[in-house]
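First the structure, in the form of structure tokens, and then the observations on it.
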2 protein chains.
Amino acid sequence: MAGVSIATVSNVFSGRKVVTPELSARVNDAARALSYQVDRAASQLKSGRAQVVGVLVPNFNDTFFTSLVSRIEQLAAAVAYQVIVVSSQDDEAVEAARLDALMGWRPSGIIAVPATNTVPQLLRREFANLPIILVDRVGQDDLAVDTVTVDNHAAGWEAAQHLLDCGHRSIAIASSVSAFRPIQDRIRGVADCCAARGVPAPRVIEVGINHESGAEILGEWLNANQHPTAIIAMTNVTTLAALSALARGSLEIPDAISLIGFDDYTWMTARKVPLTAVRQPIDQIADRTWARLMSRIQGSAELPESIVLAATLQVRSSVARLA
Amino acid sequence: MAGVSIATVSNVFSGRKVVTPELSARVNDAARALSYQVDRAASQLKSGRAQVVGVLVPNFNDTFFTSLVSRIEQLAAAVAYQVIVVSSQDDEAVEAARLDALMGWRPSGIIAVPATNTVPQLLRREFANLPIILVDRVGQDDLAVDTVTVDNHAAGWEAAQHLLDCGHRSIAIASSVSAFRPIQDRIRGVADCCAARGVPAPRVIEVGINHESGAEILGEWLNANQHPTAIIAMTNVTTLAALSALARGSLEIPDAISLIGFDDYTWMTARKVPLTAVRQPIDQIADRTWARLMSRIQGSAELPESIVLAATLQVRSSVARLA
DNA sequence: CCGCCCGAGTTAAACGTTTCACTGTGAGTT
DNA sequence: AACTCACAGTGAAACGTTTAACTCGGGCGG
């Protein structure tokens, strides 16, 4: 219809070779008239390049992950990449299956938040062939690949420090699953800070990854034990669980118990007592991850890097200043 | 390596023709040894079938949408479909661009939550060719396409009814953007219920789409006007805005003012006074949407259907019972 | 004026599947 | 015994791009 060869059409849309404005316009007009669109399947099959990155997250319930995905999707769209998001539902078997399906796309790269500390076998096998960036839940031994994490130890330390500065000496930690590396690090951060200041070690209560059951577990624990003067929650779901448990036990924040939340969302400020919380720099995590992935895709052969970003404490009103 | 033809390999993996267990096993063994995987691009190119459905949502910040996506992704994976999620970032231009990119995948179907009342042109053009289900933000009801929505009028009515039953006669509505069809319907529902019971019409305050500025607008309105005894929020952001405004004005819920929120998020129960709220049946929305899409993909030629699901009022403690 | 080069466009061969039409083989039927 | 049929497997032609190798002219230096 435009009176040109197939190759010219390809050149117009891919921009690989210069086409005179005249022809280019004719091709575009024809394309519009026929609502023609480059077929990704054919394009990908022939070129081997996919313009696709796979993103694996443990679930869509934690706002941390959805925010991450949201940002990555934006960054990708800006450079005409498509994102394929899969969720492992916090299950290693599902993770393997989804990852397998993901590989069928022949993605240019993968951004993965593993469901557990152990990197999926499927992914480990691809380390050499495929740009892969591990985010957040990264175990100790993953030095063969780029990682982006938050300095969880410092985050825990900072939260504890604030509490100690406010005179608290009896601290409890509401942990989700202490086996996860980031959680471990946060707990160690709190513990190390307490130790450095000669304060008794914090008690750790594991409440799981579900808000409802977490609230119950924590509530029971509060009933059965002497109350600490402050609680540090290790994730945003545990923050919610702590909030629920305290509300049900009619324990005022911060008068009865102080609370430091993890992650920083709008609902935390929409309360009579806005929450003091540890904010993870989600956008920055996404940005650094994306930048690293792109440079790998473009062939960078640098040694694997462990990017560690700083979390910051947002001081608001949920921590009491003790005499 | 398995000593069979390419066609047989295809048959083994697609299951379109029977292959003797003997050969099938040999093919599978070889595949494992070579870590062979069917190339989606080639498969799709040749067959024209994509085993992909596109999902368009306005954003990833609203749990309503992420929950929807999460559920759809699960349903899809169960039948070996892949989901490609794109976000319009509540912007019509972005929406058009993302939709365009989506079409390049030649998806088998599309599930879309439009960013505005107007169905994207790109989508409208495909109504005849491609199974499309519109969800939630659906404008006019004369569309030639399947829709899945919540009965927003009834949802508004039910919220109002609960307030009236509790003795409230002075109701304000915190609306986001009254131009959106679902918001309109909710407001009408409240107004119609009030009218039916001979109660003064509710006042509507538009607080916009942003939590912070919404809280300010609502706070100023509360300062300048005689307080209603109850507020119904029309979206989750307005719920948050109302919560912030009331907290800043030191207006206790429900003693000073009662509040009904919209959408049912976990944080709504994690408070001293858990929020009474209108819950949309997200899983059911996803299930019905998926079922409808699958039947369309399988060639159902029924007339377009408007599936309307019921929202339910979750009565908790944020509405005062007046004398 | 000749030869060369360069840029713009075209030709045609892949890419890795799916699928239609085909071959052979063995069982069932007359 | 001859025929038919079902069944399992194979051969080979697409699918719609990308891309290397090519053609064709016009401009330029010698």
Side-chain angles (χ1 to χ4, degrees), chain A residues 1-52 80-82 100-108 126 129-130 297-299, chain B residues 1-52 80-82 100-108 126 129-130 297-299:
Chain A
M1 176 163 166
V4 299
S5 72
I6 298 173
T8 301
V9 176
S10 176
N11 287 332
V12 168
F13 284 102
S14 70
R16 287 184 52 85
K17 282 182 82 174
V18 227
V19 178
T20 48
E22 143 79 5
L23 276 200
S24 196
R26 259 160 54 200
V27 170
N28 277 314
D29 287 349
R32 208 167 307 116
L34 302 166
S35 54
Y36 162 90
Q37 240 199 338
V38 177
D39 185 311
R40 285 193 91 104
S43 160
Q44 183 171 326
L45 170 60
K46 177 57 198 172
S47 71
R49 274 173 279 106
Q51 302 284 94
V52 166
Y81 268 70
Q82 275 277 342
D100 197 57
L102 202 53
M103 296 307 298
W105 291 104
R106 309 277 186 269
S108 313
E126 300 290 340
N129 321 322
L130 190 65
I297 288 176
Q298 271 135 40
Chain B
M1 176 163 167
V4 298
S5 71
I6 298 174
T8 301
V9 176
S10 177
N11 287 331
V12 168
F13 284 102
S14 69
R16 287 184 52 82
K17 283 182 82 174
V18 226
V19 178
T20 48
E22 144 77 7
L23 276 200
S24 196
R26 259 161 53 200
V27 170
N28 277 314
D29 287 349
R32 208 165 309 115
L34 304 165
S35 52
Y36 162 89
Q37 239 199 338
V38 177
D39 184 311
R40 285 194 90 103
S43 160
Q44 182 171 327
L45 170 60
K46 177 58 198 170
S47 70
R49 272 174 281 106
Q51 302 284 94
V52 166
Y81 268 71
Q82 275 275 345
D100 197 57
L102 202 53
M103 296 306 299
W105 290 105
R106 308 278 186 268
S108 312
E126 299 290 339
N129 320 322
L130 190 64
I297 289 177
Q298 270 133 42

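On a predicted model such as this, the values are computed, not experimentally measured, just so you know. The chains referred to below are lettered A, B, ... by the order of the sequence lines, with proteins before strands, and numbering in each begins at 1.
Between A:R32 and A:D29 there is a salt bridge, since a side-chain N of the basic residue sits under 4.0 Å from a carboxylate O of the acidic one.
Going from atom CD of A:Q44 over to atom P of C:dA14 covers 21 Å, rounded to whole Å. Counting to the nearest Å, the C1' atom of C:dG16 and the OH atom of B:Y36 are 8 Å from each other. When the C1' atom of C:dC15 is taken as reference, atom CG of A:D39 falls 13 Å away, rounded to whole Å. Atoms CZ (B:R106) and P (D:dG16) sit 9 Å apart, rounded to a whole Å. Rounded to an integer number of Å, the gap from B:E22 CD to D:dG9 C1' is 13 Å. Computed from coordinates, the A:Q51 CD to D:dT17 P distance equals 16 Å when rounded to whole Å.
To the nearest 0.5 angstrom, A:Q44 atom CD is 10.5 Å from B:L45 atom CG. Taking CD1 from B:I297 and CG from B:L130, the interatomic distance works out to 8.0 Å, rounded to the nearest 0.5 Å.
Looking at every heavy atom in both residues, A:P107 comes nearest to A:L102 through CD-O, 3.6 Å. When all heavy atoms of A:R40 and A:Q82 are compared, the pair lying nearest together is NH1-CG, 3.5 Å.
Axis angle between the ends of the helix from C:dC1-D:dG30 to C:dT30-D:dA1, five pairs each and rounded to 10 degrees, works out to 40°.
For the pair B:S5 and B:L45, nearest-nucleotide mapping onto DNA chain D gives the more 5' position to B:S5.
Ring pair A:W105/B:W105 is perpendicular by interplanar angle, where above 60° counts as perpendicular and below 30° as parallel.
As judged by a 4.0 angstrom heavy-atom cut-off over every strand, B:F13 is placed among residues making no nucleic acid contact. Heavy atoms of A:S43 sit under 4.0 angstrom from primed sugar atoms or phosphate atoms, though from no base atom. Contacts of B:Q37 with the nucleic acid, taken as non-hydrogen atoms under 4.0 Å apart, involve only primed sugar atoms and P, OP1 or OP2. Heavy atoms of B:V9 sit nowhere under 4.0 angstrom from any nucleic acid atom.
Of the listed nucleotides (C:dT17, C:dG9, D:dG9), D:dG9 has the atom at the smallest distance from the side chain of B:T8. Comparing C:dT10, D:dA8, C:dT17 by their nearest atom to the side chain of B:A42 picks out C:dT17.
Side chains of B:V19 and B:V27 form no contact here, defined as non-hydrogen atoms less than 4.5 Å apart. Residues A:R106 and B:Q37 have side chains in contact (heavy-atom distance under 4.5 Å, counting atoms from C-beta outward).
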Listing time: all N or O pairs from protein to nucleotides 19-21 of chain D that are below 3.5 Å?
{"residue": "D:dT19", "atom": "OP1", "partner": "A:R49", "partner atom": "NH2", "Å": "2.3"}
{"residue": "D:dT19", "atom": "OP2", "partner": "A:R16", "partner atom": "NE", "Å": "3.0"}
{"residue": "D:dT19", "atom": "OP2", "partner": "A:R49", "partner atom": "NH2", "Å": "3.4"}

Could you go step by step and tell me if A:V38 and A:Y36 meet the side chain to side chain contact (heavy atoms under 4.5 Å, CB included) rule? CA-CA 7 Å; A:V38 177; A:Y36 162 90; 3.9 Å; yes

